[in-house]
Amino acid sequence: MLKKQTVWLLTMLSLIIVLSAYYMLSPNNGDLAYIDQGEDETETTSGEAKTKKDQLSEKDEKGDVTDVENVGQDELFTTIRMELQDERSKKEDRLNEVIASSSTSTEEKNQALEDINDLENASTKETILQDSIMSLKEKYQDVLVRSEKEKVHVHVKVDKLSKGEVIEIMQLVRDEFGDKKVDVNYQSTDK
């Protein structure tokens with residue numbers, strides 16, 4: 001059986017190969033940097049306007065900032081999903097180490113198991129919610145859902161979201177995650 005580090009290394013290497021092939025074979029071999037077209041304002045349900053860069057570059061728990069400025073618009077959501085999955089995998093590995101440790105108390109092991117279960121549930125709920133939102137309207141090009149302890153962020157790649165669409169998305173989030181604060185915004189598809 002392969003060690004987790006070996007599997008992780010092989011996964012990352014295969015990802016690098018696939019991305020390299022994609023960029024070499026893509027029809028647009030120009031600059032792939034993020035271009036600000038002056039349309040940074042987005043709609044939020046809490047009434048506070050943030051720029052796309054602010055919303056998608058929020059600090060994670062360790063204080064690291066996700067750098068999204070050098071990512072093409074089409075790959076932005078995919079990049080964030082991969083970073084979120086990588087972060088959760090690292091958390092799960094640390095929790096598994098706690099469980100495997102002989103010096104850990106039963107209470108700590110039970111808490112680690114519960115935390116792993118919470119991570120898996122959050123990931124599953126996010127995937128279900130992304131699929132549900134994508135099936136609402138054909139015009140949605142992509143959807144990114146990120147859940148935190150007290151808040152759920154929903155980013156939709158579409159030209160514009162109406163208030164009715166925002167309310168419909170918020171209801172889907174509440175159906176899936178319960179009574180959490182919901183932040184719905186969109187990223188324009190203009191290039």
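Worth saying up front: this structure is predicted, and the values here are computed from it rather than measured. For this chain, numbers begin at 1 and follow the sequence in order. Side chains included, hydrogens not; waters and symmetry mates left out as well; all remaining heavy atoms used.
- Two residues are said to be in side-chain contact when any heavy atoms from C-beta on lie closer than 4.5 Å; Asp183 and Val154 fail this criterion.
- Considering only heavy atoms from C-beta on, Gln85 stays 4.5 Å or farther from Glu87 through its side chain.
- A cation-pi contact, defined as under 6.0 Å to the ring centre and within 45° of the axis, links Lys157 to Phe77.
- Salt-bridge check for Asp115 with Arg94: failed, with every basic side-chain N at 4.0 Å or more from each acidic carboxylate O.
- Met170 and Val158 fall within the same hydrophobic cluster, defined by Ile, Leu, Val, Met, Phe, Trp and Tyr side-chain heavy atoms under 4.5 Å apart, directly or through other members.
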**Message:** Show, in sequence, the C-alpha distance, side-chain angles and deciding distance for Asp175 and Lys125, and conclude whether the salt bridge (charged side-chain N to carboxylate O under 4.0 Å, His left out) test is met.
**Reply:** CA-CA 10 Å; Asp175 289 346; Lys125 287 180 179 184; over 6 Å; no

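- When all heavy atoms of Lys160 and Lys139 are compared, the closest pair comes out as O-NZ, 3.9 Å.
- Leu172 and Ile167 are not part of a single hydrophobic cluster, where members link through side-chain heavy atoms under 4.5 Å apart.
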**Prompt:** Given the rule in the side chain to side chain contact (heavy atoms under 4.5 Å, CB included) test, do Gln130 and Leu144 qualify, once you have shown the distances and angles that lead to the verdict?
**Reply:** CA-CA 6 Å; Gln130 287 172 173; Leu144 174 65; 4.0 Å; yes

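- Residues Leu84 and Leu95 fall into different hydrophobic clusters, defined by Ile, Leu, Val, Met, Phe, Trp and Tyr side chains chained together at heavy-atom separations under 4.5 Å.
- Asn121 CG to Ile116 CD1: the interatomic distance, rounded to the nearest 0.5 Å, is 12.0 Å.
- For Lys109 and Glu114, the salt-bridge test fails: no basic side-chain N is under 4.0 Å from an acidic carboxylate O.
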**Request:** Take Trp8 and Leu13, measure what side chain to side chain contact (heavy atoms under 4.5 Å, CB included) needs, and give me the verdict at the end.
**Result:** CA-CA 9 Å; Trp8 182 83; Leu13 288 174; over 6 Å; no

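- With contacts defined as side-chain heavy-atom distances shorter than 4.5 Å, the pair Gln5/Asp93 does not qualify.
- At distances below 3.5 Å, not a single donor-acceptor pair connects side-chain atoms of Asn117 with backbone N or O atoms of Leu113.
- Judged by distance alone, the side chain of Lys180 and the main-chain N or O of Val173 form no donor-acceptor pair under 3.5 Å.
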**Request:** Report the C-alpha separation of Ile169 and Leu136 in whole Å, then their side-chain angles, then the decisive distance to 0.1 Å, and conclude whether the side chain to side chain contact (heavy atoms under 4.5 Å, CB included) test is met.
**Result:** CA-CA 9 Å; Ile169 290 170; Leu136 283 178; 4.2 Å; yes

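- Distance check: Asp118 CG to Ser123 OG gives 12.5 Å after rounding to the nearest 0.5 Å.
- Both Val182 and Met134 sit in one connected hydrophobic cluster of ILVMFWY residues. Membership requires side-chain heavy atoms under 4.5 Å apart, directly or through other members.
- For Arg88 and Glu126, the salt-bridge test passes: some basic side-chain N is under 4.0 Å from an acidic carboxylate O.
- Cluster membership check: Ile128 does not share its hydrophobic cluster with Ile133, using side-chain heavy-atom separations under 4.5 Å among Ile, Leu, Val, Met, Phe, Trp and Tyr.
- Few gaps surround CD on Glu120; more than 12 heavy atoms of other groups in view lie less than 6.0 Å from it.
- Residues Val152 and Arg146 form no side-chain contact, since every pair of their non-hydrogen atoms from C-beta on lies 4.5 Å or further apart.
- Atom CG of Asn96 and atom NZ of Lys91 lie 14.5 Å apart (nearest 0.5 Å).
- Taking the side chain as every heavy atom from C-beta outward, Leu161 and Val184 approach each other to under 4.5 Å.
- The CG atom of Leu129 sits 12.5 Å away from the OG1 atom of Thr124 when rounded to the nearest 0.5 Å.
- In this structure, Ser101 contributes its side chain and Glu97 its backbone to no donor-acceptor pair below 3.5 Å.
- Between Phe177 and Val145, the shortest heavy-atom contact is CE1-CG1, 4.4 Å.
- Counting only distance, with no hydrogens or angles, the side chain of Thr104 and the backbone of Ala100 share no donor-acceptor pair below 3.5 Å.
- Side-chain atoms of Asn110 and Glu107, non-hydrogen and from C-beta on, never get closer than 4.5 Å to each other.
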**Request:** Evaluate the criterion side chain to side chain contact (heavy atoms under 4.5 Å, CB included) for residue pair Leu76 and Gln187; output intermediate values, then yes/no.
**Result:** CA-CA 10 Å; Leu76 181 62; Gln187 178 185 8; 3.5 Å; yes

